[in-house]
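First listed ligand is number 1; within each ligand, the first listed atom is number 1. Note that the structure is a prediction, hence the values are computed from the model and not measured.
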Amino acid sequence: MSRYQRQQLVENLRKKGISDEKVLEAIGTIEREKFIPPTMIHNAYKDIALPIGFEQTISQPYTVAFMTEKLNVKKGDKVLEVGTGSGYQAAILAFLGAQVYSIEINLELYHRTVKLFDKLGIRVHAKYGDGTIGWAEYAPFNGIIVTAGSPTIPTKLKEQLVIGGKLVIPVGGRDYQDLYVLTKISDDEFKTEVYHRFAFVPLLGKEGWEKK
Ligand code: SAM
């Protein structure tokens, strides 16, 4: 049943413009129902964000697919994710063959998701902390994906990218943001593409928003 629902979701995302076959295969394979609370299972394959507790969400599948497509992950790439949340985005990146480094600022959510990674046998280097300062120990990264909305583009994340690497990050107000895709051309030059109107929970921390 859930395999059929995943295929329906894949077709839905294709119609909405997602065309990277590897990304579609990942969405068609990873069991989203494993990353959400049991009470939400009937909504697992709807193209909507869902609450995961602690006032946080698992992003809408379209958003996950769009951001992953823009990140252009290749097998073996070292990818930093800021905002582990449910672990679903990290699982998609791992499926694509990336070495995933993921940071979560909510301690309880971090513990819960690390346990889930272990249970599902998904290899993610996870850390509790503020992802706006990146993860210097493992930098530079081929790609960085930020899954919460930021007021600005954190400087450390730009620094921790390889030349040619991509940073995908929602930037804007607390409620709505535009998605920025930066490609690092040289140490201080970036090519920027902007995609309008996304809605993420706020990125907290040193270069993010203050906790309310
Ligand atoms: N990638 C997640 C998924 O697949 O479920 C999306 C989770 S949610 C949209 C964003 C997450 O970012 C939340 O879990 C939140 O606690 C976390 N977050 C917010 N600010 C952060 C920061 N500075 N560093 C790390 N995580 C942060």
Side-chain angles (χ1 to χ4, degrees), residues 9 23 26-27 29-37 40 43-71 73 79-96 98 100-117 120 122 124-136 138 141 143-157 160 167-172 174-177 179 198-212:
L9 174 61
V23 173
I27 301 273
T29 307
I30 302 295
E31 297 172 293
R32 191 170 183 251
E33 78 250 32
K34 302 253 163 85
F35 298 85
I36 59 179
M40 291 286 151
N43 284 326
Y45 296 106
K46 290 190 183 148
D47 191 19
I48 51 175
L50 295 168
I52 54 169
F54 313 107
E55 294 177 8
Q56 300 306 328
T57 54
I58 177 171
S59 302
Q60 181 185 349
Y62 174 79
T63 304
V64 172
F66 188 80
M67 291 177 86
T68 311
E69 200 169 66
K70 294 298 167 201
L71 200 60
V73 181
V79 174
L80 175 67
E81 177 191 31
V82 177
T84 316
S86 69
Y88 179 68
Q89 173 73 69
I92 296 279
L93 295 170
F95 179 88
L96 294 172
V100 187
Y101 293 79
S102 187
I103 309 176
E104 173 55 55
I105 205 167
N106 180 306
L107 185 60
E108 286 154 294
L109 194 49
Y110 161 79
H111 283 306
R112 192 178 83 187
T113 304
V114 164
K115 263 194 215 144
L116 183 67
F117 289 144
L120 300 178
I122 299 169
V124 171
H125 307 268
K127 163 173 145 159
Y128 159 65
D130 175 8
T132 67
I133 58 169
W135 196 341
Y138 293 104
F141 298 96
I144 301 179
I145 180 168
V146 180
T147 67
S150 183
T152 54
I153 301 171
T155 15
K156 292 283 179 209
L157 298 185
Q160 292 180 18
L167 167 61
V168 179
I169 177 168
V171 182
R174 268 192 106 108
D175 297 323
Y176 293 99
Q177 308 83 27
L179 192 69
F198 286 80
F200 285 84
V201 295
L203 180 75
L204 307 174
K206 195 158 180 255
E207 288 206 47
W209 296 97
E210 264 181 42
K211 198 171 179 185
K212 262 187 185 165

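For Asp130, a nitrogen or oxygen atom sits less than 3.5 Å from a nitrogen or oxygen atom of ligand 1, counting backbone and side chain alike.
Remark: ligand 1 atoms within the under-4.0 Å shell around heavy atoms of Gly129 are 24 (N), 25 (C). For ligand 1, the atoms sitting less than 4.0 Å from at least one non-hydrogen atom of Ser59 are 6 (C), 9 (C), numbered in the order shown with element in parentheses. The contact set between ligand 1 and Leu109, taken as ligand atoms under 4.0 Å from a residue heavy atom, comprises 14 (O). Ligand-side atoms of ligand 1 in range of Val82: 24 (N), 25 (C), range being under 4.0 angstrom from any heavy atom. Below 4.0 Å from some heavy atom of Ser86 lie the following atoms of ligand 1, by number and element: 3 (C), 4 (O), 5 (O). For ligand 1, the atoms closer than 4.0 angstrom to any heavy atom of Leu203 are 20 (N), 21 (C), 22 (C), 23 (N). Atoms of ligand 1 found under 4.0 Å from any heavy atom of Gln89, numbered from 1 in the order shown, are 1 (N), 4 (O).
Proximity of Glu104 to ligand 1, defined as any heavy-atom pair under 4.0 Å, is shared by backbone and side chain alike. If you look at Pro202 next to ligand 1, the close heavy atoms, those under 4.0 Å, all belong to the backbone. Contact annotation: for Val201 versus ligand 1, heavy atoms closer than 4.0 Å belong to the side chain alone.
Scanning the protein heavy atoms around atom 18 (N) of ligand 1, the nearest turns out to be Ile105 CG2, 3.7 Å. Annotation: atom 1 (N) of ligand 1 to nearest protein heavy atom, Glu81 OE2, 2.8 Å. Nearest to atom 7 (C) of ligand 1 among the protein's heavy atoms is Thr57 O, 3.2 Å. Scanning the protein heavy atoms around atom 13 (C) of ligand 1, the nearest turns out to be Gln56 OE1, 3.2 Å. In terms of protein heavy-atom proximity, atom 6 (C) of ligand 1 is closest to Thr147 OG1, 3.6 Å. Taking atom 12 (O) of ligand 1 as the reference point, the nearest protein heavy-atom neighbour is Gly83 CA, 3.2 Å.
Looking at Ser102, Gly131, Gly208, it is Gly131 that brings a heavy atom closest to atom 22 (C) of ligand 1. Compare Leu204, Thr84, Ile103, Val146 by their heavy atoms: the one nearest to atom 25 (C) of ligand 1 is in Ile103.
Heavy-atom distances between Lys206 and ligand 1 stay at or above 4.0 Å for every pair. At a 4.0 Å cut-off, not a single heavy atom of Ala90 sits close enough to ligand 1 to count as contact.
A donor-acceptor distance shorter than 3.5 angstrom exists from the side chain of Glu104 to the backbone of Thr84, with no hydrogens or angles considered.
For Gln56, the side chain to side chain donor-acceptor pair (under 3.5 Å) test picks out no residue, with sequence neighbours left out.
For Phe54, the CZ atom sits in a packed shell: over 12 heavy atoms of surrounding residues, nucleotides or ligands are nearer than 6.0 Å. Within 6.0 Å of NZ on Lys127 lie more than 12 heavy atoms contributed by other residues, nucleotides or ligands.
Ring orientation note: the planes of Phe35 and Tyr88 are nearly perpendicular, at an angle over 60° on the 30°/60° scale. Between Tyr101 and Trp135, the ring planes are perpendicular. Angles over 60° get that label, and only those under 30° would be called parallel.
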Please list every donor-acceptor pair under 3.5 Å in which a side-chain atom of residues 198-212 meets a protein atom from a residue at least two apart or in another chain.
| unit_1 | atom_1 | unit_2 | atom_2 | d |
| --- | --- | --- | --- | --- |
| Glu207 | OE1 | Thr155 | N | 3.1 |
| Glu207 | OE1 | Thr155 | OG1 | 3.3 |
| Glu207 | OE2 | Thr155 | N | 3.4 |
| Glu207 | OE2 | Thr155 | OG1 | 2.7 |
| Trp209 | NE1 | Gly149 | O | 3.3 |

